[in-house]
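What follows is a short report on a single structure.
Read the numbers this way: they start at 1 and go in the same order the structure lists the ligands and their atoms.
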Amino acid sequence: MKRKLAVLAMTAVLGLSAVACGSEPAKDDSKKAETTGKEEGGKTEASNVANKDKPLVWFNRQPSNSSTGELDKNALNFNKDTYYVGFDANQGAELQGQMVKEYIEKNADTIDRNGDGVIGYVLAIGDIGHNDSIARTRGVRKALGTGVEKDGNINSEPIGTNVDGKQAAVQDGSLEVGGKKFVVRELGSQEMKNSAGATWDAATAGNSIGTWSSSFGYQIDVVVSNNDGMGMSMFNAWSKENKVPTFGYDANSDAVAAIAEGYGGTISQHADVQAYLTLRVLRNALDGVDIDTGIGTADEAGNVLSDKEYVYNADQRSYYALNVAVTADNYKEFTDSTKTFEPVSKQLDESKSPKKKVWLNIYNASDNFLSSTYQPLLEKYDDFLNLDVEYIGGDGQTESNITNRLGNPSQYDAFGINMVKTDNAASYTALLQ
Ligand code: BGC
């Protein structure tokens, strides 16, 4: 049986007060039934290990300073069984920029819709304080020659609008294709944050393309987005009908399918490998085996990854999956983003890796990538890895909406955490002290 996100809804609160005395975090009813059943079987009782010593994995949002990007080493070294799982943001960002550039080069004959010699693009920025978002903005500006240096790196600030090419945070780039020279201009960019504070907000991106296109639509030749959630929202609202290539990131199934309808391309951040690693590091720590088991070294079932799929940085306690560009050339291989990665999809023996209880949250139950790609993958791997995971879905805005539901950490053997803001690791670790 699969558990759905326990989004904090009135029904969940009411359901909880009917069965528990308020010390438990909220769960959905199906999960409650399952937990009770397993507890009766004596399999999933949490151990006597102190909460501060239990395995902890941060994923998708790396503990770091949202202004400077500096890693939060305290959080990454919370205890000896703490890790981060994400993907190589810079390698992916370079790929994204290259993918857009190559598309322009291949389609130089038709790309400049109004024939003014300027290839104009707009850019949807996810979260100005998120390392992945910053890297993608830089990757695109670098490849298209529109980046301007600031403090030794490409400026990643949003520019608002720049129809006349005079904004100081970007510059006009130039591209020469087949003897023809084009100017490349970032016409507009904006952080897609809604009024309640949720970032990477797809609806905001859909509204923004409406505003941009109504004032300078005929100048927009390319739409770029820091992720597919926002990219698809812009594609559906405007670019599909206007046949303007739109590029995203994440290789969500709907975006990959849209490539057949003119979506320009996306980047797979190998969520199938990340979701596996997220739970695998917990499993290994719980079993007290070498952390590389089933990762760089085959486990008894034969699960193993290769260095084509991930890198491990010991100093950062971080596993990074590698990215792959998904375009019209290869998209058919990526149509189901929730398919597990075959080399690591073998069931573990329950007598050696007994059932354990994991508390894991998704920072925003409405985030397209996390809810439509990452969580379905986690739900498949948790079975293979004999982990009984309780999934908690946040509102994407406040950390307390999530931490309030970690009322009794002693009930769990391990934790998987996806913060709302990368600066907020201590809001979680404080509960485990
Ligand atoms: C994903 C985005 C997602 C964000 C949330 C990024 O790595 O690419 O799609 O919204 O994580 O933290």
Side-chain angles (χ1 to χ4, degrees), residues 5 57-64 66 69 84-93 95-96 99 123-140 156 191-194 197-205 224-235 246-256 265-275 277-278 318-326 334 337-338 360-378 393-397 399 402 416-425:
L5 277 177
V57 64
W58 308 100
F59 67 96
N60 178 262
R61 303 196 141 195
Q62 192 171 26
S64 52
S66 62
Y84 169 73
V85 173
F87 63 98
D88 188 330
N90 294 328
Q91 178 252 351
L95 269 183
Q96 192 189 24
M99 168 176 74
L123 174 68
I125 295 179
D127 172 348
I128 52 169
H130 188 299
N131 285 347
D132 300 346
S133 189
I134 293 170
R136 292 171 201 174
T137 297
R138 287 186 174 143
V140 169
S156 61
E191 182 186 39
M192 297 304 172
K193 186 172 182 172
N194 72 13
T199 54
W200 303 87
D201 190 55
T204 304
V224 189
S225 170
N226 284 172
N227 81 359
D228 282 336
M230 301 181 295
M232 281 300 288
S233 178
M234 298 195 286
F235 184 68
T246 300
F247 296 85
Y249 201 109
D250 290 341
N252 290 340
S253 297
D254 62 338
V256 173
T266 179
I267 302 288
S268 161
Q269 52 168 285
H270 245 316
D272 52 356
V273 169
Q274 286 183 71
L277 286 168
T278 302
S318 296
Y319 285 87
Y320 300 107
L322 298 174
N323 304 264
V324 189
V326 182
F334 293 85
S337 67
T338 68
L360 180 146
N361 88 281
I362 300 288
Y363 90 103
N364 183 357
S366 325
D367 184 277
N368 295 57
F369 169 63
L370 290 163
S371 61
S372 74
T373 296
Y374 213 102
Q375 192 184 345
L377 283 162
L378 289 171
D395 64 6
Q397 294 153 27
E399 223 74 60
I402 300 162
I417 298 176
N418 179 213
M419 291 172 283
V420 173
K421 274 207 92 47
T422 60
D423 315 81
N424 286 345

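Protein heavy atom in closest approach to atom 7 (O) of ligand 1: Asp132 OD2, 2.9 Å. Annotation: atom 4 (C) of ligand 1 to nearest protein heavy atom, Trp200 CE2, 3.7 Å. Nearest protein neighbour of atom 5 (C) of ligand 1, counting heavy atoms only, is Asn60 OD1, 3.3 Å. When hydrogens are left out, the protein atom nearest atom 10 (O) of ligand 1 is Asp367 OD2, 2.5 Å; that is the closest non-hydrogen contact.
Checking only distances, Arg136 does come within under 3.5 Å of ligand 1, N or O to N or O. Distances between N or O atoms of Arg61 and those of ligand 1 include at least one value under 3.5 Å. When only interatomic distances are considered, the shortest N/O to N/O separation between Gln269 and ligand 1 falls below 3.5 Å.
By the 4.5 Å heavy-atom criterion applied to side chains, Ile125 and Met230 are not counted as neighbours. For the pair Ile417 and Val57, the minimum side-chain heavy-atom distance is 4.5 Å or more.
Taking the ring-ring contact (aromatic ring centres under 6.0 Å, His included) definition, one finds that Tyr374 meets it with Phe59, Phe369, sequence neighbours left out. Taking the ring-ring contact (aromatic ring centres under 6.0 Å, His included) definition, one finds that Phe87 meets it with Tyr249, sequence neighbours left out.
For Thr204 and Asn194, the side-chain atoms include no donor-acceptor pair closer than 3.5 Å. A donor atom on one side chain and an acceptor atom on the other are found under 3.5 Å apart for Gln62 and Ser318. A donor-acceptor pair shorter than 3.5 Å can be found between the side chains of Thr373 and Ser337.
The heavy atom nearest to atom 1 (C) of ligand 1, considering only Asn368, Asn227, Asp250, Leu370, is found in Asp250.
The atoms of ligand 1 that sit less than 4.0 Å from any heavy atom of Phe87 are 7 (O).
No part of Met419 comes within 4.0 Å of ligand 1, judged by heavy-atom distances.
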